[in-house]
Number of protein chains: 4
Amino acid sequence: MTEQNHLLEEVLQEDKSLTDKQRQILIAATEMFAEKGFAATSTNEIAKKAGVAEGTIFRHYKTKKELLLSIVTPMMVKMLGPIIIKDMNKVLDKEYEHFEDFLRAMIKNRKEFLEKNLKVVQIFLQEIPFHQELREQFIEHVGKKVLNRFVQIIEHYQQKGQIVNIPATTIIRLTASTIMGHFATKYVIGAKWNDDEEINQMITFLMKGLAPEE
Amino acid sequence: MTEQNHLLEEVLQEDKSLTDKQRQILIAATEMFAEKGFAATSTNEIAKKAGVAEGTIFRHYKTKKELLLSIVTPMMVKMLGPIIIKDMNKVLDKEYEHFEDFLRAMIKNRKEFLEKNLKVVQIFLQEIPFHQELREQFIEHVGKKVLNRFVQIIEHYQQKGQIVNIPATTIIRLTASTIMGHFATKYVIGAKWNDDEEINQMITFLMKGLAPEE
Amino acid sequence: MTEQNHLLEEVLQEDKSLTDKQRQILIAATEMFAEKGFAATSTNEIAKKAGVAEGTIFRHYKTKKELLLSIVTPMMVKMLGPIIIKDMNKVLDKEYEHFEDFLRAMIKNRKEFLEKNLKVVQIFLQEIPFHQELREQFIEHVGKKVLNRFVQIIEHYQQKGQIVNIPATTIIRLTASTIMGHFATKYVIGAKWNDDEEINQMITFLMKGLAPEE
Amino acid sequence: MTEQNHLLEEVLQEDKSLTDKQRQILIAATEMFAEKGFAATSTNEIAKKAGVAEGTIFRHYKTKKELLLSIVTPMMVKMLGPIIIKDMNKVLDKEYEHFEDFLRAMIKNRKEFLEKNLKVVQIFLQEIPFHQELREQFIEHVGKKVLNRFVQIIEHYQQKGQIVNIPATTIIRLTASTIMGHFATKYVIGAKWNDDEEINQMITFLMKGLAPEE
DNA sequence: GATGAATGAGTATTCATTCAT
DNA sequence: TATGAATGAATACTCATTCAT
């Protein structure tokens with residue numbers, strides 16, 4: 001089985017400032033938020049599951065919502081690390097000469113990320129409609145930075161004549177939809193399939209769909 | 001402005017057994033569930049917004065959850081009406097000789113449905129992770145019937161050599177992801193764009209991506 | 001099986017002013033009050049069990065409490081009928097020359113009454129601690145009249161030298177306790193026994209216990 | 001005035017694990033349950049009378065019913081302590097050579113118990129028709145153990161030829177009815193009388209009534 | 001006479017949060 | 001730092017009662 005709460009492990013190992021109790025609280029809250037949703041999970045339940053007094057939760061997190069954010073925010077930061085940390089323009093030329101290679105690497109990378117953060121991503125997706133903070137954080141951290149970076153990348157491959165010449169944002173949307181649809185089918189619907197083959201078909205579909213006009 | 005609660009209008013016009021108060025309750029609840037989510041909406045708020053005593057809600061709906069289901073269930077039933085009502089195999093040959101025409105009709109139809117039921121669909125998507133009843137209803141009503149129908153349709157066009165010969169479910173997933181990604185971008189992110197042009201690009205993308213191998 | 005709601009039958013047959021619905025309400029209410037208690041029975045439940053609209057109950061009985069009283073009061077009136085209706089002093093001399101005969105007749109009579117009114121008596125006993133009206137009614141109707149009558153009777157037999165010369169009220173209390181203990185054991189605890197034999201033992205016990213000093 | 005809530009005093013003094021607030025809750029609840037009955041007493045009233053927030057009640061007692069049981073159960077346990085704690089067979093021979101002495105001791109002991117637990121006993125008697133748990137508890141704790149013990153005792157005196165040779169359970173019923181009738185008259189009806197004299201008359205009545213046949 | 005929709009006060013219970021220890 | 005008792009506002013839901021039809 002893949003580890004679905006890798007992020008929490010990292011958090012508890014890396015962040016030496018956290019108490020043991022705090023770690024237990026984060027683990028318990030993640031589990032319950034993912035399962036029942038934020039609004040339907042009581043701090044009492046979290047405390048019990050974490051083996052901690054209810055007061056202890058509020059010693060570390062002023063409000064229940066702060067606890068939610070402290071789970072979701074680091075995930076969002078880590079999510080874009082691999083994308084913006086290094087200057088991708090240079091790397092790209094060398095690492096991925098063809099758009100298809102880039103696509104394949106991207107999918108592999110996101111797949112690993114998802115598998116390691118399944119529950120937190122689930123919480124994020126479930127709660128984003130109800131919390132403006134989450135939406136703002138997402139737009140601030142991910143939206144602008146990542147979208148800009150991707151536009152650059154897409155235009156890079158367009159200039160090399162590898163993909164069709166329509167607006168970069170449209171290409172990103174089409175690609176992202178396809179990839180996210182793949183993961184959604186896999187995790188939400190819980191489908192069992194031959195993953196490698198499905199990914200190959202997806203890439204073939206994307207490469208054909210985005211092929212430049214002759 | 002497009003009417004976002006068309007379903008409710010229909011319900012209140014068609015179903016003569018409903019009280020005026022009941023209609024007000026359904027409208028108020030839909031608005032609030034969409035905005036704040038089911039768990040975070042109190043029956044007290046709904047009553048106030050509907051201009052009704054709190055007890056009146058429970059005279060008509062035994063529990064808060066029953067109220068939720070009474071909003072979402074009819075939407076799900078209507079959702080598939082146009083798809084399964086007529087024998088599509090026969091109709092197809094005549095109505096849509098090309099897969100592209102079918103695609104275009106499908107997108108137009110779903111677009112109209114979405115625009116008329118935006119809020120209820122939003123509630124459905126937001127709440128489905130938290131309510132097993134919703135998942136079961138969806139699988140029961142939509143999942144089996146609709147998926148089977150679509151498989152037939154896809155295989156029909158595959159036999160005519162119009163689309164690539166990979167598993168029908170994979171084609172459905174790729175197509176559905178692309179279309180849902182389009183709507184998601186449009187409604188959730190609230191993007192403003194030239195809709196017709198975007199749809200054309202999406203169809204071009206799909207037709208190229210699903211074109212048969214030469 | 002003995003009819004446990006004979007009183008209700010009488011009420012519905014004798015009192016021609018009652019509607020059918022009213023009869024159904026009285027029967028349903030009696031059943032539920034006996035089973036769950038007055039406070040824990042809702043008018044909604046009564047209406048459902050009676051197959052009547054909730055409003056109908058309040059058309060006939062202004063309040064729930066009035067419904068309770070309309071069940072219990074007639075029972076109380078009937079309870080003492082046989083005792084005070086006729087001039088017992090005269091009758092006694094002729095009918096029951098010996099205290100033992102009087103006792104035996106009394107027990108038989110009360111036994112029949114109880115068997116015919118089991119549920120209503122049960123309601124009365126269960127509710128008397130909580131309703132001053134019931135206590136007042138009981139003291140007014142039963143307490144004074146009946147107690148006085150019994151004192152006369154006891155003193156009558158004391159003068160005849162058949163029973164011990166202690167205060168009549170004490171004798172009444174001892175006798176009543178014994179008889180009520182018998183019925184309580186029988187009905188509340190639900191004991192199965194040879195009734196005639198038990199009654200004989202009880203009478204022997206009472207006659208010995210109340211025998212005059214030598 | 002006699003102390004009517006001695007049990008509560010004991011509970012609050014012996015059980016060091018109880019909070020002050022908890023004690024106040026128990027006292028207030030006992031008072032109100034006795035006066036108005038369990039079903040007709042609201043937790044809001046109890047909280048106000050106890051000078052406590054309503055939530056505090058539910059921190060200590062999961063449900064209102066649990067609060068009721070926590071008041072009544074210890075009373076039931078204490079009720080039989082003096083009867084089953086020691087091996088009565090041995091004690092009897094020495095302590096009470098005559099049945100009359102045993103009776104007198106018994107009545108004195110029960111009288112003291114009642115005076116110390118008047119309200120809780122009242123609650124118990126009022127609520128027992130409505131709560132199966134109470135009936136089960138009573139049968140479990142009191143019914144079996146105590147009845148068996150009493151049968152032994154009665155048979156002991158029968159063998160000594162001091163009381164009549166009818167079934168022990170009948171004797172117990174007759175005796176218990178008489179004693180309970182005495183207390184009922186005293187406390188429920190609230191009679192004022194010369195207690196010692198009444199008790200003497202009761203004992204005389206019982207001894208005569210249960211005297212062996214010649 | 002009978003209905004049943006509507007009410008609003010009331011119900012037991014849960015909640016996130018505080019604070020003295 | 002951690003506790004858990006205490007809070008009081010809020011929760012979903014029930015109630016006896018009213019009233020227009």
Side-chain angles (χ1 to χ4, degrees), chain A residues 19-22 24-25 39-48 50-67, chain B residues 17-22 24-25 39-47 50-67, chain C residues 18-22 24-25 39-48 50-67, chain D residues 17-22 24-25 39-48 50-67:
Chain A
T19 18
D20 274 355
K21 303 267 175 187
Q22 214 163 340
Q24 292 159 235
I25 291 168
T41 301
S42 74
T43 50
N44 176 24
E45 283 174 298
I46 297 170
K48 266 185 192 142
V52 161
E54 215 169 341
T56 309
I57 294 176
F58 290 91
R59 176 146 301 275
H60 295 293
Y61 309 95
K62 270 206 295 292
T63 64
K64 193 182 156 195
K65 193 156 208 164
E66 203 180 290
L67 174 58
Chain B
S17 74
L18 291 177
T19 319
D20 274 355
K21 304 267 173 186
Q22 213 163 339
Q24 292 160 235
I25 291 167
T41 301
S42 75
T43 51
N44 177 19
E45 285 173 298
I46 296 170
V52 158
E54 208 169 346
T56 308
I57 294 175
F58 291 94
R59 170 153 297 274
H60 295 294
Y61 307 94
K62 273 204 290 291
T63 63
K64 193 183 155 195
K65 192 156 207 165
E66 202 180 292
L67 174 58
Chain C
L18 292 178
T19 17
D20 274 356
K21 303 268 173 185
Q22 214 162 340
Q24 291 160 235
I25 290 167
T41 300
S42 73
T43 50
N44 176 25
E45 283 173 299
I46 296 169
K48 266 185 191 141
V52 161
E54 214 170 342
T56 309
I57 294 175
F58 290 91
R59 174 147 302 275
H60 295 292
Y61 308 95
K62 270 205 294 293
T63 64
K64 193 183 157 196
K65 194 155 206 165
E66 202 180 292
L67 175 58
Chain D
S17 74
L18 292 177
T19 319
D20 273 355
K21 304 267 174 185
Q22 214 163 338
Q24 292 160 233
I25 291 168
T41 301
S42 75
T43 52
N44 176 18
E45 285 173 298
I46 296 170
K48 269 184 188 143
V52 159
E54 210 168 345
T56 308
I57 294 175
F58 291 92
R59 170 153 297 274
H60 295 294
Y61 307 95
K62 272 203 292 290
T63 63
K64 193 182 155 195
K65 193 156 205 165
E66 201 180 292
L67 175 58

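We name chains A, B, ... by the order of the sequence lines, and we start the count at 1 in each one.
Positionally, the nearest nucleotide of DNA chain F for Thr19(A) lies more toward the 5' end than for the other of Thr19(D) and Thr19(A). The residue among Thr63(A) and Gly55(B) whose nearest nucleotide of DNA chain E is located toward the 5' end is Gly55(B). Comparing Ala39(B) and Gln22(A) against DNA chain F, the residue whose closest nucleotide sits nearer the 5' end is Gln22(A). Residue-to-nucleotide proximity on DNA chain E shows that, of Ser42(D) and Lys65(A), the 5′-proximal contact is made by Ser42(D).
The CD1 atom of Ile57(A) sits 12 Å away from the C1' atom of dG4(F) (whole-angstrom rounding). Atom NZ in Lys48(A) sits about 12 Å away from atom P in dA16(E), given to the nearest Å. Regarding Ile25(B), its CD1 atom lies at a distance of 12 Å from the P atom of dA5(E), rounded to whole Å. Counting to the nearest Å, the P atom of dA6(F) and the CG atom of Asn44(A) are 16 Å from each other. Spacing between atom CZ of Arg59(C) and atom P of dC19(F) amounts to 11 Å, rounded to whole angstrom units. When rounded to the nearest whole Å, the span between CD of Glu54(C) and C1' of dG1(E) equals 17 Å. When rounded to the nearest whole Å, the span between NZ of Lys64(D) and P of dT11(E) equals 9 Å. Rounded to whole Å, the distance from CD1 on Ile46(A) to C1' on dG4(F) is 17 Å.
Nearest to the side chain of Phe58(D), among dA12(F), dA12(E), dT3(F), sits dA12(E). Counting only heavy atoms from C-beta on, Thr56(D) has its side chain closest to dA6(F) among dT13(E), dA6(F), dA2(F).
One finds a side-chain N or O of Lys21(C) lying less than 4.0 angstrom from the OP1 or OP2 phosphate oxygen of dT3(E). An OP1 or OP2 oxygen of dG4(E) is reached within less than 4.0 angstrom by no side-chain nitrogen or oxygen of His60(B).
With respect to Leu67(A), the side chain to side chain contact (heavy atoms under 4.5 Å, CB included) criterion is satisfied by exactly one of Thr43(A), Ile57(A), Thr41(A): Ile57(A).
Between His60(C) and Thr19(C), the closest side-chain pair of non-hydrogen atoms falls below 4.5 Å.
For dC15(F), the paired nucleotide is dG8(E), the pair qualifying as Watson-Crick or G-U wobble because both relevant distances are below 3.5 Å. Of all nucleotides present, only dT3(E) satisfies the Watson-Crick or G-U wobble test against dA20(F), with each distance under 3.5 Å.
In this structure, OG1 in Thr56(A) is found 11.5 Å from OH in Tyr61(A), a value given to the nearest 0.5 Å.
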